[in-house]
Protein chains: 2
Amino acid sequence: MPKPMRADARRNYERLLKEAALAFTEHGVDASLDDIAKRAGVGSGTLYRHFPTRQDLLGEVYADRIDELADQAVEFGASGRPPGQALADWLQKLAEQLIRLRGLRALLGAAMADGSTPVISGCSGRLTDAAGELLTAARQAGAARADLETAEMLRLTHAVAMAAELGADGPPDVRRCLVLMIEGICGDDRRAMSL
Amino acid sequence: MPKPMRADARRNYERLLKEAALAFTEHGVDASLDDIAKRAGVGSGTLYRHFPTRQDLLGEVYADRIDELADQAVEFGASGRPPGQALADWLQKLAEQLIRLRGLRALLGAAMADGSTPVISGCSGRLTDAAGELLTAARQAGAARADLETAEMLRLTHAVAMAAELGADGPPDVRRCLVLMIEGICGDDRRAMSL
DNA sequence: ACCTGAACACCGTTCAAGT
DNA sequence: ACCTGAACACCGTTCAAGT
């Protein structure tokens, strides 16, 4: 139970979040923190008081997006869709967001990289759980390869979202990327290439 | 035909390359340029004279690695292996290097991202060509999906190499990652999931 | 309790002065 | 022709002083 903030503190907190969101989409994840503080009309110390690290700031900025994605996973799972379809649909939502929001991508990338920082693993925990249930259901329906783990699937999606952005030709084609990824995820027994 | 450098210039050039390679593997792609200059025993201006941008420096540091990979692609293509196998084997070599050498990964990532800078597209041009021939042969043998483009394949490999490093559990498993990618690349007609 | 902004450390880049 | 290193701009982070 977070004790209520003083009025001015809360106002600064919200201004910072708003300006940070703007800065991250405009200038990328490495946007100047000093700039964010200036635009929010507060001293730089205030920013650090509220958000000790850049990751903390990222986490708060995108907390809602992450929650929405987790909600959607639960919703898709209960929608009556075939489990494989539910997973595919959700992965598409995830990939779309990862491509659109660079900050979210950096945040989840860090979350999957170490998973140590409590802030980060905390905010991505629900997401991982929800994704895991979608995957389990798909596996049981024979729609996903049996040896695929949740973390692995999320890492791969993350990677594909990055690859999509590397493509110079116009806005990245989410579907195309997912086709490539999913047809791998499905698994097959044609092995014209082997390792 | 690059006109020969003055003796001291050449010595500094080589010292810089050596220290840069060290710094990139030790501290990542964002290693301090000033530090590199200091360790090489030259002024920072000298570094900028030889390598106007960080990309230029990266390009020179990893030029040999890129050439080796291109050579290997040609060699595998002429080795008598089934075309699908030749492609798979080469992709494994590529992925291994991308995972091992962070600097090379950053460089090729940039090369595939815009492909504009002459230095970058220059050094990666041979690589792309060689990879393209391997892919074409594999396609004609029915070992690779018909709609897959070379740039797309390389971007995907790059992405998969990044995903591999996100895994916290020990050294990244190249083979595992490639299995996931290749079984997607091969294409199949089982579509338990669809988009 | 919270905020401000000066101060410090660090890095990239340029350029006048030196050889 | 090439090198040096001081100078400048910029950023992150801390902390003493203020309310």
Side-chain angles (χ1 to χ4, degrees), chain A residues 1-61 102-103 106-107 109-110 114 117 119-120, chain B residues 1-61 102-103 106-107 110 117 119-120:
Chain A
M1 49 203 71
K3 83 168 80 165
M5 283 182 191
R6 230 169 60 177
D8 56 346
R10 160 147 294 276
R11 193 177 49 236
N12 285 338
Y13 179 87
E14 273 157 10
R15 278 189 191 159
L16 280 168
L17 273 188
K18 196 176 122 196
E19 291 303 327
L22 256 170
F24 286 146
T25 64
E26 209 165 316
H27 303 295
V29 216
D30 294 325
S32 157
L33 295 182
D34 203 61
D35 239 48
I36 293 175
K38 272 208 187 72
R39 292 208 207 186
V42 306
S44 50
T46 302
L47 188 153
Y48 282 93
R49 159 176 297 272
H50 286 300
F51 312 99
T53 75
R54 181 179 232 103
Q55 290 292 347
D56 289 308
L57 183 54
L58 274 171
E60 292 301 324
V61 165
R102 287 183 287 184
L107 176 66
D114 41 31
T117 323
V119 195
I120 300 179
Chain B
M1 50 205 71
K3 83 169 77 164
M5 284 182 190
R6 229 171 58 178
D8 55 345
R10 160 147 294 275
R11 194 176 50 235
N12 286 338
Y13 179 88
E14 272 157 13
R15 279 189 191 160
L16 280 168
L17 273 189
K18 197 176 119 195
E19 290 302 328
L22 256 170
F24 287 146
T25 63
E26 210 166 315
H27 303 297
V29 215
D30 294 324
S32 157
L33 296 182
D34 202 60
D35 239 48
I36 293 175
K38 270 207 188 73
R39 292 209 208 188
V42 306
S44 49
T46 303
L47 190 152
Y48 283 93
R49 161 177 295 272
H50 286 300
F51 312 100
T53 75
R54 178 177 236 106
Q55 290 292 346
D56 289 309
L57 183 53
L58 274 171
E60 292 302 325
V61 165
R102 287 184 287 185
L107 175 66
T117 323
V119 194
I120 301 181

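It should be emphasised that the depicted structure is a prediction, and the values quoted were computed from it without experimental measurement. First the proteins, then the strands, lettered A, B, ... as listed; each starts at 1.
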Residue A:Leu33, side-chain heavy atoms: nucleotide from D:dT13, D:dC2, C:dC2 that is nearest: D:dT13
message: From CD of B:Glu14 over to C1' of D:dC2, roughly how many Å is that when rounded to an integer?
response: 16 Å
- prompt: How many Å lie between CG on A:Leu47 and C1' on D:dG12, as a whole number?
  reply: 11 Å
- prompt: Any sub-3.5 Å donor-acceptor pair from B:Arg102's side-chain atoms to B:Thr25's backbone N or O?
  reply: yes
statement: Here the distance between atom P of C:dT4 and atom CG of A:Leu16, to the nearest Å, is 9 Å
message: Among A:Arg10, A:Arg11, A:Lys18, exactly one meets side-chain hydrogen bond (donor to acceptor under 3.5 Å, both in side chains) together with A:Glu14. Which residue is that?
response: A:Arg10
List, with names and distances, any nitrogen or oxygen atoms from the protein found under 3.5 Å away from nitrogen or oxygen atoms belonging to nucleotides 14-19 of chain C.
none

message: Quick one: does any side-chain atom of A:Asn12 pair with a main-chain N or O of A:Ala9 as donor and acceptor, under 3.5 Å?
response: no
message: Distance check needed: C:dC11 C1' versus B:Asp35 CG, whole Å only.
response: 10 Å
message: Any base atoms under 4.0 Å from A:Asn12, or only sugar-phosphate, or nothing? Heavy atoms, all strands.
response: sugar-phosphate
message: Do A:Phe51 and A:Leu58 have side chains that approach each other closer than 4.5 Å (heavy atoms only, starting at C-beta)?
response: no
message: Tell me whether the side-chain N/O atoms of B:His50 come closer than 4.0 Å to OP1 or OP2 in D:dC2.
response: no
query: Contact class for B:Ala31 vs. all strands (heavy atom < 4.0 Å): base, sugar-phosphate, or nothing?
result: sugar-phosphate
query: Rounded to the nearest Å, what distance is computed from the NZ atom of residue A:Lys38 to the P atom of nucleotide D:dG12?
result: 10 Å
task: Round to a whole Å and report the spacing from CG of A:Asp30 to P of C:dG12.
output: 14 Å
query: Can you tell me how far C1' of C:dA1 sits from CG of A:Asp8, to the nearest Å?
result: 9 Å
message: Counting only Watson-Crick pairs (N1-N3 plus N6-O4 or O6-N4) and G-U wobbles (N1-O2, O6-N3), all under 3.5 Å, who is the partner of C:dA1?
response: D:dT19
query: Now, which nucleotide makes the Watson-Crick or G-U wobble pair with D:dC8, with each of the two distances under 3.5 Å?
result: C:dG12
- prompt: With no hydrogens and no angle check, is any side-chain donor or acceptor of A:Arg54 less than 3.5 Å from a backbone partner on A:Ala31?
  reply: yes
message: With heavy-atom distances below 4.5 Å as the criterion, would you say the side chains of A:Thr53 and A:Tyr48 are in contact?
response: no
statement: Closest of C:dC2, D:dC2, C:dG12 to the A:Ala9 side chain is C:dC2
message: Can you tell me which nucleotide in D:dT4, D:dG12, D:dC3 comes closest to the side chain of B:Val42?
response: D:dT4
message: I need the B:Thr46 OG1 to B:Asp8 CG distance, nearest 0.5 Å.
response: 9.0 Å
query: In whole angstroms, how far is the C1' atom of D:dT13 from the CZ atom of A:Arg49?
result: 14 Å
